[in-house]
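Taking it in order: structure first as structure tokens, then the write-up.
Chain identifiers are assigned alphabetically (A, B, ...) following the order of the sequence lines, protein sequences preceding nucleic acid strands; residue numbering begins at 1 within each chain.
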Amino acid sequence: MTKQTFKILGSRPIRPDGVEKVTGKALFGADKSVSGMLHARILRSPHAHAEIVSIDTGKAEALAGVKAVITGDDFAPVENQETLYTMQNCMAQGRALYDGHAVAAVAATSRKIAGEALSLIEVRYKTLPHVTDVDEAMKPGAPLLHEGVKGRHLGDDVSGNTVSYCRFGHGDVEAGFAGADKIVERSFKTAAAHQGYIEPHACLADLGADGRGDLWCSTQGHYLVRETCAEIMQMEASQLRVTASEIGGGFGGKTTIFIEPVALMLSRKAGKPVKVVMNRDEVFRASGPTMSSSMDIKIGMRKDGKITAAQARLRYQGGAFPYEMVSMGAMSAFAAYDLEHVQTEGWDVMTNRPKMISYRAPGAPMAVYAVESVVDELCRTLELDPLDTRLKNAAREGVKSSYGPRFKAIGLVECLEAARAHPHYSAPLAANTGRGVSCGFWFNFGGQVSVSMAINTDGTVNLIEGNPDIGGSRASISMMAAEALGIPLGRVRTTIGDTASIGFSDTTDGSRVTFAVGIATINAANAAIREMCKRAAKIWEIDEDAVEWVDGAAQPAGHNAGDFPPMSLAEIAATSGKTGGPIAGHHEGAPDKAGVSFGVHLVDVEVDPETGFTAIKRYTAFQDAGKAIHPAYVEGQIQGGVVQGIGWALNEEYVYGTDGRLQNPGFLDYRIPVASDLPMIDAVIIEVPNPGHPFGVRGVGETSIVPPLAAVSNGVAQAIGQRLFELPMSPPKILKAIS
Amino acid sequence: MRYVIARSCPEAVALLGGAEDARILAGGSDVLVRMKLELQKPDVLIDIKKIAGFREIAAENGGYRIGAAVSGAEMGEHDGLKSLWPGVVEAVELIGSTQVQGRATMVGNLCNGSPAADSVPAMLAAAAVARVEGPDGTRDVPVHALLDKPGSTTLGKAELVSSVLLPARPLRSGDAYLRFIPRTEMDIAVASAGVSLSLDENGVVSAAMVALGAVAPTAVLVAKAANALLGSKLDTAALAACATACSAACNPIDDKRGTVEFRTKVAGVLASRAAKIAYQRAGGTL
Amino acid sequence: MSKVHVSTTVNGDAVEFLCESDETLLDVLRDRLNLTGAKEGCGTGDCGACSVSLDGRLVCSCLVLGAEVEGSAIETVEGVATEDALHPIQRHLLENAALQCGICTPGIVVAAKALLQKHPDPTEEEVRYWLAGNLCRCTGYDKIIRAVLSAAAEMRGASA
């Protein structure tokens with residue numbers, strides 16, 4: 001792809017929704033209220049696994065101020081299996097499957113009364129044996145979460161909790177290992193982590209007597225919310241209008257529903273709007289953390305650094321319902337490498353924990369942590385430079401990936417070379433400090449989009465799209481629209497429409513919005529441009545084909561077409577009422593040429609040898625963005641993912657007691673990084689354009705969380721001369737390894 | 001729940017005694033959290049911030065009397081207090097965030113009864129004395145005598161602490177507090193140490209107090225560790241003996257914040273490091 | 001059980017409200033005064049998203065009862081900008097792309113303003129430790145810290 005020059009792309013304008021956010025005006029999920037609104041509270045199981053013998057809601061219903069009480073009995077069966085699991089996760093039917101599983105809910109005139117009503121609901125439980133560890137849950141004889149959902153072709157050597165199996169790779173790993181000078185085989189474990197968004201789930205549902213519903217919620221995908229809720233509530237999609245609020249963080253954790261059906265059902269029953277807001281305890285216990293894992297990695301390497309074979313076995317647990325995610329890990333594990341012999345296998349397992357949902361590059365961070373740790377160990381054992389070794393084995397354009405397809409243009413080598421040349425890599429190391437390196441990868445996705453663009457008669461543009469903005473995408477979309485139309489950025493306003501105002505869009509995830517909505521925006525702009533050229537042709541009385549669009553204006557295409565001065569977008573728009581009516585462009589589609597994105601991270605970690613306290617001293621992250629539409633936002637995505645990865649590596653974990661209850665459902669003991677824990681994060685943007693996007697865009701939001709786990713772990717290994725094989729590497733574990 | 005503003009100590013005492021579950025509200029950074037987590041539902045919350053003297057830091061006999069409603073932030077702004085007892089002030093300033101500092105009180109931290117309370121090891125090392133008001137009048141109690149078990153003090157049902165006295169100290173004295181947390185802020189101490197030292201004109205330790213937090217059901221004074229420092233200039237052997245004595249005095253638990261092994265080891269490390277800082281603050285050179 | 005009547009000042013305006021005795025200032029601001037800028041991220045003082053200034057002191061409004069602010073002066077994020085202009089901190093946050101989802105931003109604005117009022121020339125480390133109680137999950141803090149430092153520099157220049 002030839003290097004393009006852009007007027008607007010690559011600059012750093014201030015985001016259009018920024019003023020609202022710095023002044024507190026922006027409305028997030030819990031910020032909306034309507035008159036007559038009721039407040040809800042949800043009763044949750046205190047048991048990791050229990051049969052719900054009975055629920056007596058009589059006393060709660062009788063409490064003054066209570067307007068509706070619901071349980072799992074209020075929800076009718078749904079046909080779609082996925083939806084059924086989602087519904088049963090929102091409200092238990094028959095059995096409570098994890099500590100925090102919703103069993104009943106109340107809507108009342110105040111939150112206080114709703115809370116009092118909860119204590120009046122009498123639930124009789126019969127506790128059942130539970131299991132929270134992935135390997136324990138896979139063992140035959142483990143407490144069973146659901147019958148009849150065991151993965152096909154799985155044998156008796158694994159329990160019925162094992163819901164899927166996958167395998168990727170090519171070649172003959174045994175032959176490959178035979179050719180290695182050194183083989184390292186290690187087992188790893190990672191604890192479950194939570195996305196940690198600061199805004200708890202919140203929604204406001206209003207289901208009227210006429211069967212029409214309005215739902216305001218904090219979500220990454222309001223169309224997904226509409227489809228799933230409509231199915232659960234037995235409504236038609238057109239009857240449920242879902243509006244996405246501003247969203248206070250998602251990272252994948254808000255790509256499903258937890259409280260929305262509860263709010264809708266309470267609203268239907270009470271005949272009033274109902275607001276449901278999770279508290280922080282509920283967010284940890286009953287939303288969707290990511291998987292914990294148990295993994296075995298085996299890699300063989302020649303003395304010269306060439307990897308001869310690589311093998312991974314990944315076991316993930318994803319909570320109390322059937323799901324599938326280990327394949328993402330299995331596919332990403334060796335993606336950075338050009339391998340002749342590679343094999344990855346994965347198993348997804350159910351446990352008595354909350355139902356998992358995506359967390360930024362779901363499935364990849366753990367697998368890559370394990371692989372990059374073994375690569376690092378091989379490099380150290382064979383006394384090879386970690387970056388040179390990765391360069392020697394790096395995946396490039398044309399290489400058959402470890403997960404199947406051949407790579408198109410990719411930027412891994414460019415990232416590795418940039419890291420190699422960067423001053424950080426050659427900076428001297430202070431005492432007690434180690435330097436860690438890791439590659440990372442994410443696929444990025446396309447998905448369905450709808451965009452509609454209206455050209456206003458004053459020459460400004462209103463663009464409506466359907467993807468909630470989790471990181472500043474409205475700014476990037478406006479920039480792409482302005483670039484395509486050839487007008488100043490300030491003339492474009494992008495808003496996110498509700499589900500009634502524009503067609504379907506897939507969820508904001510998979511690092512897809514800048515890519516997919518971007519393509520649709522460019523197409524919509526081109527459609528508007530074609531219409532505007534038509535209008536100019538009409539005014540000039542020349543052929544449509546004789547008009548071209550240059551620098552935001554229609555002009556005759558060459559002298560033969562006619563000698564008319566260019567007509568700007570504003571001028572054409574001003575007379576649109578007389579030349580044929582309002583001018584707009586729209587595009588619906590499912591672009592699929594998203595480009596994969598690689599990253600390479602360098603980190604210096606200092607470990608206090610007497611306490612195991614670990615400090616991040618310096619961090620440099622290199623990532624291929626294809627084309628950075630708004631470089632500051634790309635940097636922001638990189639920095640945010642890095643810090644989440646640091647937290648996951650050092651301190652974040654779900655801690656379960658032997659009773660199967662979550663012990664740390666709060667920000668006090670679920671320890672995400674705070675400002676004083678970190679240095680500045682240097683984000684270096686590499687641009688190897690994605691041939692599948694007109695401007696070369698690749699998704700950037702997810703890759704950055706993939707390398708930090710191994711980078712930090714490899715840094716610690718160098719600092720203390722010992723390697724740990726479990727995450728998080730909290731100080732007690734590090735001190736134990738040192739002693 | 002009733003919220004009542006007490007205007008005097010006798011009124012606060014009467015309110016405490018008059019209800020089944022009455023709680024004091026000073027900074028609120030413990031009681032309001034427990035209420036939010038539904039671990040506590042008091043009948044009466046007695047706000048003591050308007051009682052005369054409760055928000056004062058008053059010089060007294062060369063030391064300072066700190067009212068029960070004085071916030072950590074206010075302590076951190078008091079030059080005289082910081083100069084006399086820097087270890088106590090830094091301990092209180094480690095409680096929570098800047099926002100929590102704006103409300104949390106040293107006395108509240110003590111009365112909350114957490115074995116990991118940051119202010120307590122520093123107060124123990126300072127030989128701080130609490131003034132207790134109750135139905136039988138006023139009494140002064142060394143802070144260590146108020147420690148009971150996790151979650152409670154030895155205060156009677158209708159008693160409250162109105163102030164704590166940090167005593168005067170001889171020349172060439174210094175104190176320090178260190179805690180171990182996995183992040184740099186915002187965590188509850190996994191292990192902590194408060195050390196107070198006085199030196200003679202030759203820089204030899206003439207008086208020492210060493211206290212540990214988060215490694216036993218209450219914070220503990222470790223006389224043996226203090227004795228190990230007496231008569232020394234904090235040479236390696238003295239510090240090692242101090243650390244060993246500290247580790248031996250530990251009786252911690254395994255929990256989501258740390259293991260027995262970890263706490264025991266780190267307590268000794270922290271005591272040794274805090275001793276060095278206290279020594280330098282007392283004018284000693286290492 | 002009857003409610004508590006409170007007279008106080010919010011963002012310079014005299015305000016009166018009724019609230020439950022155990023209702024927090026955060027709940028009062030959001031649910032009774034329609035000032036939804038302060039957010040509940042945790043309700044237990046661990047995240048700082050509810051930060052306000054109370055009698056000139058930076059606090060978590062989830063750790064203050066509505067009943068406690070009788071006669072006090074409260075400043076929320078809604079009171080930081082003037083009628084004419086954003087506060088430098090707000091401007092610098094925007095110019096440095098120091099927000100992504102924006103949920104922590106009101107708390108950061110209030111906390112940073114309090115910092116610069118007390119320490120007009122903080123070091124990077126001082127800014128980080130002051131803001132340790134303001135959790136951000138999106139940005140990794142880098143651009144926030146840069147924004148606060150550059151706002152501080154501008155404010156020092158303006159008053160010089």
For this session: Compare every heavy atom of C/Gly133 with every heavy atom of B/Ser97, then report the nearest pair and how far apart it is.
Result: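 Closest heavy-atom pair between B/Ser97 and C/Gly133: CB-CA, 3.4 Å.
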
Exercise. For the residue pair B/Arg103 and C/Leu54, what are the closest heavy atoms and their distance?
Worked result: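 That would be NH1-CD2, 3.4 Å.
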
Problem set entry | C/Thr44 side-chain N/O to B/Val33 backbone N/O, donor-acceptor pair under 3.5 Å |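 Pair absent, no side-chain N/O of C/Thr44 close to backbone of B/Val33.
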
Exercise. Hey, is the main chain of B/Tyr3 close enough, under 3.5 Å, to the side chain of C/Ser21 for a donor-acceptor pair?
Worked result: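 No, C/Ser21 side chain to B/Tyr3 backbone: no donor-acceptor pair under 3.5 Å.
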
Gap separating the [atom1] atom of [X] from the [atom2] atom of [Y], nearest 0.5 angstrom:
X        : Y        : atom1 : atom2 : answer
C/Lys118 : B/Glu77  : NZ    : CD    : 3.5 Å
C/Glu68  : B/Leu25  : CD    : CG    : 4.5 Å
C/Arg57  : B/Gln99  : CZ    : CD    : 12.0 Å
C/Leu135 : B/Met186 : CG    : CE    : 6.0 Å
C/Cys60  : B/Leu32  : SG    : CG    : 11.0 Å
C/Thr24  : B/Met35  : OG1   : CE    : 9.5 Å

Problem set entry | chain B interface, residue from C/Gly43, C/Gly48, C/Gly107 that has the most non-hydrogen pairs under 4.5 Å |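 Option with the top pair count is C/Gly43.
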
For this session: Report yes if some heavy atom in the side chain of B/Leu45 is under 4.5 Å from a heavy atom in the side chain of C/Leu65; otherwise report no.
Result: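 Yes, at least one pair of side-chain atoms sits under 4.5 Å.
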
For this session: State, with a plain yes or no, whether a side-chain heavy atom of B/Thr98 is found less than 4.5 Å away from one of C/Tyr129.
Result: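 When only atoms from C-beta onward are counted, C/Tyr129 and B/Thr98 do not touch, as no gap falls below 4.5 Å.
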
For this session: Could you have a look at B/Glu74, B/Lys50, B/Arg34 and say which one has the most heavy-atom pairs with chain C under 4.5 angstrom?
Result: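 The residue among B/Glu74, B/Lys50, B/Arg34 with the greatest pair count is B/Glu74.
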
Might you confirm whether atom [atom1] of [X] has over 12 heavy atoms from other residues, nucleotides or ligands at distances under 6.0 Å?
X        : atom1 : result
B/Lys256 : NZ    : yes
C/Glu125 : CD    : no
B/Arg55  : CZ    : no
B/Lys41  : NZ    : no
B/Lys276 : NZ    : no

Is [X] in contact with chain B via its backbone, its side chain, both, or neither, using a 4.5 Å heavy-atom distance?
X        : value
C/Glu23  : neither
C/Ala111 : side chain
C/Val52  : neither

For this session: Check the pair B/Val100, C/Leu63 against side-chain contact (heavy atoms from CB on, under 4.5 Å), reporting the backbone distance first and the verdict last.
Result: CA-CA 8 Å; B/Val100 168; C/Leu63 294 184; 4.0 Å; yes

